[in-house]
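Report on the structure given below.
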Amino acid sequence: RDLNQLQAEYIHAMYRSRGLPDSIVYGMEEFCVFGTIAKNTSAGPRHYRVADWRAKLADGSEVIPKTKSQWLDEWREIGVRYAWSLLPDDQNFAEGDWSQGFTTVQLPRGSRFDLVYTWTKGDQPYSGVIPGMECPPVTLSIEEDTE
């Protein structure tokens, strides 16, 4: 597993370059967006479901990531057929298989949480925790003093 914080500016540029409407480009600002790489590095098949993952906050509350299927349903309602950037929400992996895409959690920028992720091997469930995740903060633009 590998998760990389993505700044809002990167998401804006990527989605705008693909001609997506402003409602999508700027709507993503309400979400922590992480570039995610999932890879099966062990022997035998594995399965994961993003809907089973949780962002656990310091107060004990949990936020479920928004899945690719949820995004695509929402986007189709406004006529958008783009699907490329998001992590598949339900996937089976043979040994050595991998996948990548965005994982999204609806939390304000700067929020901190532990990501609890799960997978199965056969019928046996497993889980892991990535502690101290931080939603990418808003990037400030500082102008040069021209006096």
Side-chain angles (χ1 to χ4, degrees), residues 1-140:
R1 80 203 182 320
D2 189 17
L3 291 163
N4 297 299
Q5 295 176 335
L6 299 177
Q7 298 292 334
E9 293 81 358
Y10 173 82
I11 304 300
H12 291 171
M14 197 200 77
Y15 282 172
R16 185 168 305 289
S17 73
R18 284 156 179 82
L20 299 180
D22 283 350
S23 61
I24 292 174
V25 171
Y26 293 104
M28 295 298 279
E29 288 182 0
E30 297 176 25
F31 289 82
C32 296
V33 181
F34 295 90
T36 307
I37 300 171
K39 184 174 182 179
N40 181 2
T41 58
S42 58
R46 302 290 184 268
H47 174 258
Y48 76 82
R49 282 182 26 140
V50 173
D52 294 335
W53 298 358
R54 300 289 181 268
K56 189 170 185 175
L57 304 174
D59 67 3
S61 63
E62 296 180 340
V63 178
I64 301 169
K66 188 168 182 176
T67 67
K68 180 175 185 169
S69 295
Q70 290 170 317
W71 281 115
L72 296 183
D73 288 347
E74 185 178 303
W75 292 353
R76 284 184 188 116
E77 287 180 15
I78 61 172
V80 174
R81 300 285 183 250
Y82 183 76
W84 175 78
S85 64
L86 301 162
L87 184 71
D89 51 313
D90 191 334
Q91 196 161 22
N92 292 305
F93 286 92
E95 184 177 338
D97 282 350
W98 66 279
S99 187
Q100 68 182 15
F102 296 162
T103 300
T104 59
V105 180
Q106 192 167 16
L107 289 170
R109 299 261 167 203
S111 297
R112 292 184 175 271
F113 61 92
D114 295 338
L115 180 67
V116 180
Y117 61 99
T118 61
W119 71 97
T120 58
K121 175 184 176 184
D123 291 334
Q124 180 66 42
Y126 295 89
S127 67
V129 176
I130 301 174
M133 298 286 297
E134 182 179 359
C135 297
V138 173
T139 302
L140 299 176

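When reading the values below, keep in mind they use all heavy atoms of this one structure, side chains included, and skip hydrogens, waters and symmetry mates.
- Across all non-hydrogen atoms, the minimal contact from F113 to A55 is CD1-CB, 3.5 Å.
- For the atom pair W53 CH2 and T36 OG1, the distance stands at 6.0 Å (nearest 0.5 Å).
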Subject >> side chain to side chain contact (heavy atoms under 4.5 Å, CB included) assessment of K39 paired with Q100 >> reply: CA-CA 9 Å; K39 184 174 182 179; Q100 68 182 15; over 6 Å; no
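- The two residues R112 and L57 come nearest to each other via the heavy atoms O-CD2, 3.6 Å.
- Once rounded to the nearest 0.5 Å, the distance linking CG of L107 with CE of M133 reads 11.0 Å.
- With values rounded to the nearest 0.5 angstrom, S42 atom OG is found 7.0 Å from E95 atom CD.
- Using a 4.5 Å cut-off on side-chain heavy atoms (C-beta onward), Y48 and F93 make contact.
- Q124 contributes no side-chain N or O that, together with a main-chain N or O of K121, makes up a donor-acceptor pair within less than 3.5 Å.
- With contacts defined as side-chain heavy-atom distances shorter than 4.5 Å, the pair D114/I130 does not qualify.
- For the pair T104/P65, no side-chain contact is recorded, criterion being any heavy-atom separation below 4.5 Å from C-beta on.
- With a 4.5 Å cut-off on side-chain heavy atoms, W75 and I24 count as touching.
- With rounding to the nearest 0.5 angstrom, the CE atom of M14 is 14.0 Å from the CD atom of E9.
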**OP:** Could you please spell out the steps behind the salt bridge (Lys or Arg N to Asp or Glu O under 4.0 Å) verdict for D22 and R16?
**Re:** CA-CA 8 Å; D22 283 350; R16 185 168 305 289; 3.0 Å; yes
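- Nearest heavy-atom pair across N40 and A94 is ND2-O, 3.3 Å.
- Contact check on K66 versus E74 returns a salt bridge, with a Lys/Arg side-chain nitrogen under 4.0 Å from an Asp/Glu carboxylate oxygen.
- For the residue pair Q106 and V63, the shortest heavy atom distance occurs at O-CG1, 4.0 Å.
- With T67 contributing its side chain and Q70 its backbone, the two residues share a donor-acceptor pair below 3.5 Å.
- Looking only at side-chain heavy atoms (C-beta outward), W98 and Q91 stay at 4.5 Å or farther from each other.
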**OP:** Check the pair D90, K68 against side chain to side chain contact (heavy atoms under 4.5 Å, CB included), reporting the backbone distance first and the verdict last.
**Re:** CA-CA 9 Å; D90 191 334; K68 180 175 185 169; over 6 Å; no
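- Side-chain contact between T103 and V33 is absent, with no heavy-atom pair separated by less than 4.5 Å.
- Heavy-atom minimum distance, I64 versus A51: CG2-O, 3.7 Å.
- Between T118 and R49, every side-chain heavy-atom pair lies at or beyond the 4.5 Å cut-off.
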**OP:** Carefully, step by step, assess M28 and W71 under the rule side chain to side chain contact (heavy atoms under 4.5 Å, CB included).
**Re:** CA-CA 10 Å; M28 295 298 279; W71 281 115; 3.4 Å; yes
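- Considering only heavy atoms from C-beta on, W119 stays 4.5 Å or farther from P125 through its side chain.
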Hey, can you pull the donor-acceptor pairs under 3.5 Å for the side chains in residues 81-88, sequence neighbours left out?
unit_1	atom_1	unit_2	atom_2	d
Y82	OH	R18	NE	3.1
S85	OG	Y15	OH	2.5

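- To the nearest 0.5 Å, atoms CG (D123) and NE2 (H47) are separated by 11.5 Å.
- Under the salt bridge (Lys or Arg N to Asp or Glu O under 4.0 Å) criterion, R46 pairs with no residue, sequence neighbours left out.
- For OH of Y126, the number of neighbouring non-hydrogen atoms (other residues, nucleotides, ligands) closer than 6.0 Å is greater than 12.
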